[in-house]
Amino acid sequence: MEVQNEKNYKTFIKQQSKIKLKNGKTTIKYKGDWNNLPDLLLENIFSFLNIKEKYNASSTCHSWYSIFHLPYSWHTFVFDDTTLTRRKFNYYSGWQYMLDHLRVQLCLQSIGTYIKVLVFKPITNFYNLYEFMNMISFYAEHGREIGSRVNTLQYTFPCNMATSRIDESVLYGTGGKLLEALKRLMGNLPSLRRLELIDLMLDNEDAQTLLDQVCFCCCTTLKTLILVNTTKNVCQLLHPGVFINLQVLVISPQNLGSDLLYMLSQMRLLHLHILQNRYTPIDIESVHSSDWKHCTKINSILKVHLRIESIRERQILWQPGAPVSSIIYKSPNIRMSADISNKIMELYSDQLLTFGYLDLPKFYQPSSFKDRIDTCLVNLIQICPKLDTLMIREKISTCTLLLISYYGHSLTSLYVRRNAVILRCDWPRQNDWSDEFYQWLKKSSTSYEIVEEEIALSLGLENWKMLSDQDFKRISPQLYSSFYR
């Protein structure tokens, strides 16, 4: 025991560094016992690093070198423009990163059976991507068990690769040999539980056979399916209705139709996310309200989530009759208006649970009470009795915050930017307010600290604080579980 204590003490001394102060004295600062971290923690850290970062970390000490070869360190494999490549000079294009087939072969033979999450980031060298997907498929087809444990596949196509301008006329979609390689790869991943195909922008004919192999090998195993802008134009996809145990489906509105909705109602789907982004076509129509009512009657546990992610200002596609439980805007240029709040109260007042705006605003926000959205927010919280999560990013007053917490009986999560809160009681007295209540509003609205204490008391929390802009940008509402990592 004494020998072990002496070794630990020597290790502690080695990890200390002397720092010289201004007065000439030196002090010892403890750097931490990093080489003795538990293996489980180190494995988790290594799983977030790319190949180069893993290699650099493994060169630190013997303990970290051993973690480099453990399975969970290779839980996630991300393929981008420089993964397993070497530089090669092209007479016409200059230096380029070309896939090194020998390195890929050695890599797949070493850690191919450890990969559980396979991510393809948007890249412009399609040849490298094509060759890498074909190599995985080749080993899987010849019984090497490479890719046999992959349960998540994420593929994002750079449909705006040709220009920096966001214009529908210059968007490109995948197809040809690259599409064949992707379909071949998906057919060789029998353990898929989660599949994400983002911005493929296919022609309607190609989209009809996109998931044929996945339906054959993962009909009963797939749990989460994300299909964002699978096609450029309106084209109803029926493949999602084949996965009988599907629980979460994220789909763009141009690929949703009455036939697919009927199939989803029969398979007891839990969550249907209708996602719009900057590449989603504008000239599309929502599913008829009678189809939504029929679907809700068969599948009473289905929850629909409307979400829009766009840099430009655009309108959300309302779904009348749908059991919408959340509406989220993620855009710096889309502002809340009376029309939006009135539409929400008209269509989804009985079942809405989550509403709000993400990202910081990039538009002018008025300071006067009549031009702000305070009245809209208070009306929304009064008309929607089940609303439990609210995200506010535009200018409001402290008095409005107090009213929201007072009328929001089911409210449990309230996210507010501190920089957007005005220290003011500018509400005119209402007929149903007593003198004591109005005096309480006026007195409490004069201090940020009092407002935070009152809201924490109303929400039943020990502590509630307004968020800084940096904290507000990081919030992610928990609808049920995160469908985007």
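If you're wondering where the values come from, they're calculated on a predicted model, not measured in any experiment.
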Min side-chain heavy-atom separation [X]-[Y] under 4.5 Å:
X      : Y      : value
Leu358 : Tyr329 : no
Phe369 : Thr375 : yes
Gln236 : Asp259 : yes
Val214 : Leu195 : yes
Leu353 : Lys303 : yes
Ile274 : Gln319 : yes
Ser191 : Arg149 : no
Ile327 : Trp318 : yes

With distance as the sole criterion, is a donor-acceptor pair present between the side chains of [X] and [Y] under 3.5 Å?
X      : Y      : value
Glu449 : Ser447 : yes
Ser265 : Asn299 : no
Asn379 : Ser341 : no
Asn229 : Gln254 : yes
Lys395 : Ser367 : yes
Ser47  : His75  : no
Asp212 : His239 : yes

Could you please spell out the steps behind the side chain to side chain contact (heavy atoms under 4.5 Å, CB included) verdict for Leu360 and Lys473? CA-CA 7 Å; Leu360 300 182; Lys473 289 169 61 177; 3.6 Å; yes
Is it the case that more than 12 heavy atoms not belonging to [X] sit under 6.0 Å from its [atom1] atom?
X      : atom1 : value
Asp432 : CG    : yes
Gln430 : CD    : yes
Glu53  : CD    : yes
Tyr407 : OH    : yes
Phe437 : CZ    : yes

Between [X] (side chain) and [Y] (backbone), is there a donor-acceptor pair under 3.5 Å?
X      : Y      : value
Asn245 : Thr221 : no
Asn151 : Val117 : no
Thr400 : Ile396 : no
His288 : Ser290 : yes
Lys232 : Asp203 : no
Lys223 : Arg193 : no
Ser405 : Ser458 : no
Ser444 : Leu441 : no
Tyr448 : Val421 : yes
Thr354 : Thr389 : no

Under the salt bridge (charged side-chain N to carboxylate O under 4.0 Å, His left out) rule, what do Glu453 and Lys465 come out as? Steps first, then yes or no, please. CA-CA 9 Å; Glu453 293 175 0; Lys465 297 292 183 182; over 6 Å; no
Working note: Asp426 + Arg372, criterion salt bridge (charged side-chain N to carboxylate O under 4.0 Å, His left out); need CA distance, chi angles, decisive distance, verdict. CA-CA 11 Å; Asp426 46 9; Arg372 298 201 313 262; 2.8 Å; yes
Within 45° of the ring axis of Trp74 and under 6.0 Å from its six-membered ring centre, is that where the NZ or CZ of Lys116 lies? no
Arg393 charged N/C atom sitting above Phe472 aromatic ring, 6.0 Å / 45°: no
Report the C-alpha distance between Leu411 and Asp388 in whole Å, list the side-chain angles of each, state the deciding distance to 0.1 Å, and finish with yes or no for side chain to side chain contact (heavy atoms under 4.5 Å, CB included). CA-CA 4 Å; Leu411 201 63; Asp388 58 15; 5.5 Å; no
Locate the shortest heavy-atom distance separating [X] from [Y]; write the atom from each residue and the value.
X      : Y      : answer
Asp81  : Thr124 : OD1-N, 3.5 Å
Leu210 : Lys183 : O-CG, 3.8 Å
Val324 : Gln351 : O-CG, 2.9 Å
Ala322 : Val304 : CB-CG2, 4.4 Å
Phe243 : Met267 : O-CE, 2.6 Å

Spatial distance of atom CE (Met133) from atom OH (Tyr155) [nearest 0.5 Å]: 5.5 Å
Interatomic distance, CD@Glu394 vs CG@Leu377, rounded to 0.5 Å, equals 8.0 Å
Leu118 and Gln154: CA distance, side-chain angles, deciding distance, side chain to side chain contact (heavy atoms under 4.5 Å, CB included) verdict: CA-CA 6 Å; Leu118 185 58; Gln154 179 182 343; over 6 Å; no
Qualifying residue for side-chain contact (heavy atoms from CB on, under 4.5 Å) with Pro240, from Leu256, Leu225, Leu269, Asn255: Leu225
Just one of Ile301, Ile244, Leu246 clears the side-chain contact (heavy atoms from CB on, under 4.5 Å) bar with Arg268, so which one? Ile301
Classify the angle between the aromatic ring planes of [X] and [Y] as parallel (below 30°), tilted (30 to 60°) or perpendicular (above 60°).
X      : Y      : value
Phe126 : Phe157 : parallel
Trp433 : Trp427 : tilted
Trp440 : Tyr406 : tilted

Side chain to side chain contact (heavy atoms under 4.5 Å, CB included) evaluation trace for Glu452 with Glu454: CA-CA 6 Å; Glu452 291 176 341; Glu454 294 291 343; over 6 Å; no
